Amino acid sequence: MLYPITRMRRYRTSEAMRRLTSDIELLPNDLVLPLFLDENLPEDGLHAREVNSMPGVFVHNISSALMIAENAVQKKIPAVILFGIPRQKDEIGSTGDVEPAIVPKFATLLKKRFGKSLLVIADLCLCEYTSHGHCGILTSHGDVDNDLTLQRLANFAKVYAQAGIDVIAPSGMMDGMVAAIRSALDKNEFQNVSILSYSVKYASAFYGPFRDAAQSAPSFGDRKGYQMPYTRSWEAVREAELDIQEGADFLMVKPALPYLDVIKDLKNHFSYPIFAYQVSGEYAMIQHGDRLQLFDGSAVMLESLFAIKRAGATAIITYAALDIF
Ligand code: PBG
């Protein structure tokens with residue numbers, strides 16, 4: 001033997017040894033549960049509808065969503081993120097930020113019921129509320145008008161904060177969205193409301209099942225004019241930097257598993273909490289793989305979530321949040 005063999009396997013000799021030498025943990029504290037609220041479901045009693053493409057994920061009416069939130073609180077999950085499906089949509093998404101839009105209405109109930117033991121995050125984007133399904137107001141050429149859209153986001157943020165929402169999460173990739181929201185919040189004395197920016201959001205085919213759930217697929221074209229191309233590596237840090245300058249409190253990378261390098265980049269560059277969004281397509285692949293008995297879905301889910309944490313995520317938004325603990 002020319003040199004001694006380094007015995008790495010000594011670290012793996014027993015379950016106890018493997019546990020002792022592990023430094024990545026996954027806790028309920030790390031997870032955020034997405035909740036879909038559908039205005040089209042009957043208001044009385046419990047009503048929920050399973051999303052075809054996402055086995056195990058439901059859209060809820062208010063009573064049903066409250067029950068799920070209760071479950072999250074019991075499991076010590078610190079936060080939910082809300083998405084709304086309105087009864088009506090129009091060109092400018094005006095049904096999202098008027099009384100009695102379902103997201104602010106539900107948020108007020110959540111705060112009344114759970115107070116500070118549950119953080120209420122609200123996704124903020126026009127695509128669920130516009131008839132054309134784009135993330136902003138359209139110009140006559142069919143492009144999204146960035147600055148007109150900012151005015152709408154500012155008003156949404158104000159309405160959301162008035163309803164008691166703790167964290168506003170703009171997801172539309174408009175330039176200046178964080179600044180517009182921060183200034184609307186501060187002007188209205190909501191200095192304590194935080195902003196979780198979807199800073200680094202790729203134009204991803206992994207969002208397919210979400211668009212099925214939220215009925216928010218664009219009716220023409222795609223989102224490549226505002227979401228990021230995955231063919232560039234220089235852009236992520238720059239996007240995050242801009243959000244920080246504009247006043248974001250938390251950064252997000254989305255999707256998660258195919259973009260672990262980006263999570264790590266942000267982790268290395270900034271002293272900010274980094275959220276990773278394990279998106280609908282990531283979740284759906286695991287669920288369908290499990291159903292087809294290609295693999296053990298629970299094990300694949302855990303492995304994915306650990307990988308996302310190992311890359312540097314502070315918290316993970318996942319549709320599996322209630323299934324892990
Ligand atoms: C709204 C929004 C989307 C998702 C989160 N917020 C859809 C999109 O950008 O098309 C996707 C989440 C998921 O796929 O789980 N803009």
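Atoms within each ligand, like the ligands themselves, are counted from 1 in listed order. What you see is a predicted model; the values in this text were computed from it and never measured.
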Which of the atoms in ligand 1, numbered in the order shown and given with their element, are less than 4.0 Å from a heavy-atom of Phe83? 5 (C), 6 (N)

Closest protein heavy atom (residue, atom, distance) for atom 6 (N) of ligand 1: Asp123 OD2, 3.2 Å

Within 45° cone of Tyr207 ring axis and under 6.0 Å: Lys201 NZ or CZ: yes

Tell me, which protein residue and heavy-atom name are nearest atom 11 (C) of ligand 1, and how many Å apart are they? Lys254 NZ, 3.0 Å

How close do Ile286 and Val300 get, counting heavy atoms only, and between which atoms? CG1-CG1, 3.9 Å

Which of the atoms of ligand 1 are close to Tyr277, meaning less than 4.0 Å from one of its heavy atoms? 12 (C), 15 (O)

List every atom of ligand 1 that sits less than 4.0 Å from any heavy atom of Cys127, numbering the atoms from 1 in the order shown and giving each element. 1 (C), 16 (N)

Does some non-hydrogen atom of Gln278 fall short of 4.0 Å from ligand 1? no

What one should report as the nearest heavy-atom pair of Ala161 and Leu185 is CB-CD2, 3.7 Å

The closest protein heavy-atom partner of atom 14 (O) of ligand 1 is Ser280 OG, 2.7 Å

Any idea which protein heavy atom is nearest atom 15 (O) of ligand 1, and the distance to it? Tyr319 OH, 2.5 Å

ring-ring contact (aromatic ring centres under 6.0 Å, His included) evaluation trace for Phe206 with Tyr259: CA-CA 12 Å; Phe206 282 99; Tyr259 297 90; 7.7 Å; no

Sidechain-backbone polar pair: His134 side chain, Leu126 backbone, donor-acceptor under 3.5 Å: no

min-distance protein heavy atom vs atom 12 (C) of ligand 1 -> Phe210 CD1, 3.4 Å

At their closest point, which heavy atom of Ile308 faces which heavy atom of Leu260, and how far apart are they? CA-CD2, 3.8 Å

Out of Gln227, Glu128, Lys201, Met252, indicate the one that has the non-hydrogen atom closest to atom 16 (N) of ligand 1. Lys201

Will you find, in the side chains of Asp145 and Thr139, an N or O donor that is under 3.5 Å from an N or O acceptor? no

Examine the side chains of Tyr198 and Asp123 and answer whether a donor and an acceptor come within less than 3.5 Å of each other. yes

Ligand-side contact atoms (ligand 1) for residue partner Cys125, heavy atom cut-off under 4.0 Å: 1 (C), 16 (N)

